[in-house]
Amino acid sequence: MTTLFDTMTGSVTQLINPGQDTFSLYVCGPTVQDRPHLGHGRIVATYDLLRRHLRQQGLQVNLVMNVTDVDDKIITRAAQESTSAEAIASRYEAIWWETMDELGVERPDSTPHATDWVQAMIIKIQLMIDAQAAYVIEDGVYLRIASVPHYGLLTKQAFDQLQPGNRVEVNQAKESPLDFALWKRVDVSELGFDSPWGYGRPGWHTECVTMSIELLGPTFDLHGGGMDLIFPHHENELAQAQVLKTPFARHWAHVGFVEMNGEKMSKSIGNTFDLTEAIRLFGGRAVRLAYLRAYYRSPLEMSESTLNDALASLNRIDNFLDRGPYGRPEAGAVAAFTRAIDNDLDTPTAFSVLFDHVREGNTLYDLRQFDSAADKAATVHAMLDWIGLAPTTERLSIPPEISEAVEARQQAKQNRDYATADALRAVIEAAGFAIFDTKDGTELRKDRRLVIDRPSNEASSPEN
RNA sequence: GGCGGUGUGGCCGAGUGGUUAGGCAGAGGCCUGCAAAGCCUUGCACAGCGGUUCGAAUCCGCUCGCCGCCUCCA
C-alpha cells in the first residue's frame, strides 16, 4: 500500500508490487569534503524513515549509500591543509557516520567508495564508447547527449531552452554543451587512476550509475537524493543507463531543501547550519523530529528557533512517557499513524495523530486512569519506535535516596515547612530530575529544560 | 529566457469544496505554597483581484511576491 511521489512520473505511485518482499534502494551519499550540515541530515533521516517503514511491513530492504571520496573539492581542501585527499576523505567520512548515528539513522547495508570502483567505471565508460555514445577529446571522455534515446525524462524540460553556461563556463571542445564528462584527465601529480584514456578521474555521474548497478543490479526499486540532484546528476545517471541499455531505477524520489530565512541552505550561499553543532545544542532526537514533522518534499525552515521548538515538542512527548509504565499499544491508533506514513511519507499527519494520543494520555493520568494511560504511553512509544524516535535512554529510574527525598519533601510540604521542601527540591533537581506536584502527589520527570535557554557554554551535553 | 515549486494565524508546519490539523510561543482559567509539567478555553489564518458554486483557503483566470534548477550542491 505504500505510496511515494515519483519524480519520473510526477505523481504519487504505488511503491511496492504485489508479492514483493525485497526493496532495493540507492541514495546518493556524501562527498566527504566537509562536515555535514542540516540539509544533509534531512536526506539521510528521510530515507532512514522510508527504510524503517518498509522493513516494518515485512520487506527486506537493501540500502546502498555511496561515499564520494575522490573529488576536486576534496583535493583542493587537502592542498589547503597540506595533507592528502585520502586523509580529508577519511576524516569527514568518519564525522559523517558518527553524526548520522546521533540522528538515530541506521547505517546503510553498503557504503561503496568511489575509489574502490574505478575499474568498474572504466568498463562502463568503454561500453559507452563502444556504443558510439561517448567520445574522447583532449581533456577526457564525454557522453554524447544526442545519442541518448530520451534525455530529460527526469528534468522534464525542453533542452533547447536550457541556457548552458548560465553558471559555469562551457568547455568549447565538447560536441554539445550538455555533454558531460565520464572521465576527466588530470596531471599525474594529482590524485588519479590509469585508464585507456589517460591518467585521470571518473565523473561523478558515472560513479553513481556504476555503483548502483554493480551493487543492486540492472534494475532496482528506488533511487533517491536531494532535489538538487535531479539535474544534472540523476538525469545524467539515467542518460548513461539508457546508453548502457540498463532499465535502472523503477522509481525516483527527491527530498526538499532545508532553508534558512527562506533560502536554500548551501555552502555557496554560506548559510549552512552545521549538523553536528545542531545535535550538540538540541540533541539528535530533536533534530530528527524537526525533520520528520515536516513533509519530506516541502522546503523546511531550520534555525535555532525552529530547532528549539522541535525540542520543546519532543519534551512534551518524553514528559508524557515519563509519567508511568507502558501498557499495551492500541493497534488501531498505531495503524492510523503508520497509515499516514504509508501515504507518501505523510509524517505531519502522523504527528498530529501522535500528539492527539499524548494529550489523551495526559488527561488519563490526570484522571488517575493509570491502566488506560499506560496503554496510551505504549501506543505513543510504538509510534515513536516506528519512525526511529523512541527514547534511547532507559526508563526513568529513581534512586532510593531520591525517593526518600521526595517523601521527605512531601512531609515538609504537609507541615508547610516550605524552606525544607525547597531545599529537598534542590537536592532532587541536582540529581537531574524535575518535580511536578499533582493533586495526588509528586511526579518526577527527567530535567528537560530547553538547552537553548542556557548560556551556550553550558549547553554541551544535550540529553541522550 | 526556459522549467519547476511556493505564498496558511506571532513562528514552524499540514490539509482540504461545507465539521479543530498538530507543535511552539502568547492570553485567560483549573491545579498549585511555589514550580519548567498537565488539563480546559482562546486567536476575524489561508498573498491580491475577479470568476464558478447554495457554499472556496480548497476549482478556474489574472496580478503580485518569494524560492529552486538550467552541469558545485543533499
Side-chain angles (χ1 to χ4, degrees), chain A residues 10 27-31 33 36-44 46 71-73 152 155-168 170-171 177-181 203-205 224-233 235-236 254-259 262-269 289-290 293-295 297-303 305-317 319-320 322-323 340 346-356 358-359 361-363 365-367 413 416 418 421-422 425 429 434-439 443 445 447-450 453:
Chain A
V27 177
C28 289
T31 298
Q33 46 146 339
H37 61 64
L38 283 171
H40 299 112
R42 187 180 193 191
I43 305 296
V44 179
T46 299
D71 171 271
D72 288 352
K73 278 185 254 170
T155 313
K156 299 176 177 37
Q157 187 162 185
F159 276 82
D160 52 0
Q161 296 295 339
L162 285 176
Q163 289 190 339
N166 193 349
R167 295 164 75 186
V168 174
V170 173
N171 177 352
L178 288 171
D179 293 350
F180 60 90
W204 181 37
H205 314 312
M227 291 276 188
D228 46 4
L229 296 189
I230 296 173
F231 189 90
H233 186 52
E235 193 70 59
N236 286 348
H254 295 93
V255 179
F257 297 131
V258 171
E259 303 189 337
E263 278 188 314
K264 176 188 175 186
M265 185 175 288
S266 80
K267 305 196 76 170
S268 50
I269 299 174
L289 175 67
R293 67 180 175 169
Y295 185 47
R297 284 197 281 136
S298 301
L300 173 61
E301 179 73 19
M302 284 279 223
S303 63
S305 161
T306 58
L307 286 168
N308 199 45
D309 175 308
L311 178 55
S313 297
L314 182 66
N315 286 345
R316 175 171 168 80
I317 297 169
N319 281 334
F320 166 61
D322 271 357
R323 291 186 77 174
D346 184 1
T347 51
T349 296
F351 271 106
S352 175
V353 170
L354 185 149
F355 278 108
D356 284 343
V358 170
R359 177 170 31 73
N362 274 321
T363 300
Y365 275 117
D366 290 350
L367 294 172
K413 279 182 56 176
R416 298 193 177 277
Y418 296 122
D422 287 345
R425 190 221 306 266
E429 290 184 342
I435 289 175
F436 299 100
D437 293 328
T438 71
K439 205 180 304 183
E443 293 183 5
R445 316 259 168 85
D447 183 345
R448 296 200 167 85
R449 245 174 296 213
L450 298 186
D453 293 338

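Within every chain, numbering begins at 1; the chains are lettered A, B, ... in the order of the sequence lines, protein sequences first and strands thereafter.
Looking at RNA chain B, the stems built from 3 or more consecutive Watson-Crick or G-U wobble pairs, each pair with its key distances under 3.5 Å, are B:1-7 with B:64-70, B:10-12 with B:22-24, B:26-30 with B:38-42, B:47-51 with B:59-63.
Between the side chain of A:Asp422 and the base of B:G33, at least one donor-acceptor pair of N or O atoms lies under 3.5 Å. One cannot find a donor-acceptor pair under 3.5 Å joining the base of B:A35 and the side-chain atoms of A:Glu429.
The same atom, P, is picked in B:G43 and in B:U20; the two are 12 Å apart, to the nearest Å. B:A45 and B:C11 are spaced 13 Å apart, taking the C1' atom of each and rounding to whole Å. Rounded to the nearest Å, the gap between the C1' atom of B:G48 and that of B:G65 is 10 Å. Annotation: B:C64 and B:G10 have their P atoms spaced 26 Å apart (nearest Å). Annotation: B:U58 and B:U53 have their C1' atoms spaced 13 Å apart (nearest Å). For B:U8 and B:C67, the P atoms lie 14 Å apart once the distance is rounded to whole Å. On the P atoms, B:G33 is 28 Å away from B:U42, given to the nearest whole Å. The separation of B:G29 from B:C34, taken at their P atoms, amounts to 14 Å, rounded to a whole angstrom.
Residue A:Val353 is out of contact with every strand shown, counting any heavy-atom pair closer than 4.0 Å. When heavy atoms are screened at a 4.0 angstrom cut-off, A:Asp72 is found touching no nucleic acid atom at all. Within 4.0 Å of A:Phe320, counting heavy atoms only, lies no atom of the nucleic acid at all. Counting any heavy atom pair closer than 4.0 Å across all strands shown, A:Gly225 reaches sugar-phosphate atoms only and no base atom. The residue A:His254 sits apart from the nucleic acid: no heavy atom pair falls under 4.0 Å. Residue contacts shown for A:Gly41 are absent, as no nucleic acid heavy atom lies under 4.0 Å away. Residue A:Glu259 is in sugar-phosphate contact alone, with no base atom involved, counting any heavy-atom pair closer than 4.0 Å across all strands shown.
Between A:Arg323 and A:Glu443, the closest side-chain pair of non-hydrogen atoms falls below 4.5 Å. With a 4.5 Å cut-off on side-chain heavy atoms, A:Asp228 and A:His254 do not count as touching. A:Leu307 has its side chain within reach of A:Met302: a pair of non-hydrogen atoms, C-beta onward, lies under 4.5 Å apart. A:Phe355 has its side chain within reach of A:Arg316: a pair of non-hydrogen atoms, C-beta onward, lies under 4.5 Å apart. Here the side chains of A:Leu300 and A:Leu38 are not in contact, with every heavy-atom distance at 4.5 Å or above.
A side-chain contact (heavy atoms from CB on, under 4.5 Å) with A:Phe351 holds for exactly one of A:Asp356, A:Leu289, A:Val358; it is A:Leu289.
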Considering only nitrogen or oxygen atoms on both sides, find all protein atoms under 3.5 Å from nucleotides 12-14 of chain B and state each distance.
unit_1	atom_1	unit_2	atom_2	d
B:G13	OP1	A:Glu301	N	2.6
B:A14	OP1	A:Tyr295	N	3.0
B:A14	OP1	A:Ser298	OG	3.1

Look for any protein N or O under 3.5 Å of an N or O in nucleotides 37-41 of chain B and output each such pair with its distance, or none.
unit_1	atom_1	unit_2	atom_2	d
B:A37	O2'	A:Arg445	NH1	2.1
B:G38	OP1	A:Arg316	NH1	3.4
B:G38	O3'	A:Asn362	ND2	3.2
B:G38	O2'	A:Asp366	OD1	3.4
B:G38	O2'	A:Asp366	OD2	2.4
B:C39	OP1	A:Arg316	NH2	3.3
B:C39	OP2	A:Arg316	NH1	3.2
B:C39	O4'	A:Asp366	OD2	3.2

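Protein atom CG of A:Asn236 is 13 Å distant from nucleotide atom C1' of B:C69, rounded to whole Å. Rounded to an integer number of Å, the gap from A:Phe231 CZ to B:A74 P is 17 Å. We find that CG of A:Leu178 is positioned 13 Å from C1' of B:C69, with the value rounded to whole Å. Remark: P of B:G22 and CG of A:Leu289 are 16 Å apart, rounded to the nearest angstrom.
In terms of phosphate contacts, A:Lys264 brings a side-chain nitrogen or oxygen within less than 4.0 Å of OP1 or OP2 of B:C69.
Looking at residues two or more places apart in sequence or on another chain, you find a ring pair (Phe, Tyr, Trp, His ring centres under 6.0 Å) between A:His40 and A:His37, A:Trp96. Under the rule for a salt bridge (charged side-chain N to carboxylate O under 4.0 Å, His left out), A:Lys73 has no partner lying at least two apart in sequence or in another chain. By the salt bridge (charged side-chain N to carboxylate O under 4.0 Å, His left out) test, A:Asp179 pairs with no residue at all, sequence neighbours left out.
Picking from B:A74, B:G33, B:G22 the nucleotide with the shortest atom distance to the side chain of A:Leu229 gives B:A74. When distances are taken from the side chain of A:Ala312 to each of B:G22, B:C24, B:A36, the shortest belongs to B:C24.
Between A:His233 and A:His205, the ring planes lie tilted relative to each other; the angle falls in the 30° to 60° range.
B:G22 has no base stacking with the ring of A:Phe355 when judged by centroids under 5.5 angstrom apart and an interplanar angle below 30°.
A donor-acceptor pair shorter than 3.5 Å can be found between the side chains of A:Thr349 and A:Asp346. Side-chain contact annotation: A:Thr155 with A:Glu235, donor-acceptor N/O pair under 3.5 Å present.
A distance-only check finds no donor-acceptor pair linking the side chain of A:Asp447 to the backbone of A:Ala434 [under 3.5 Å].
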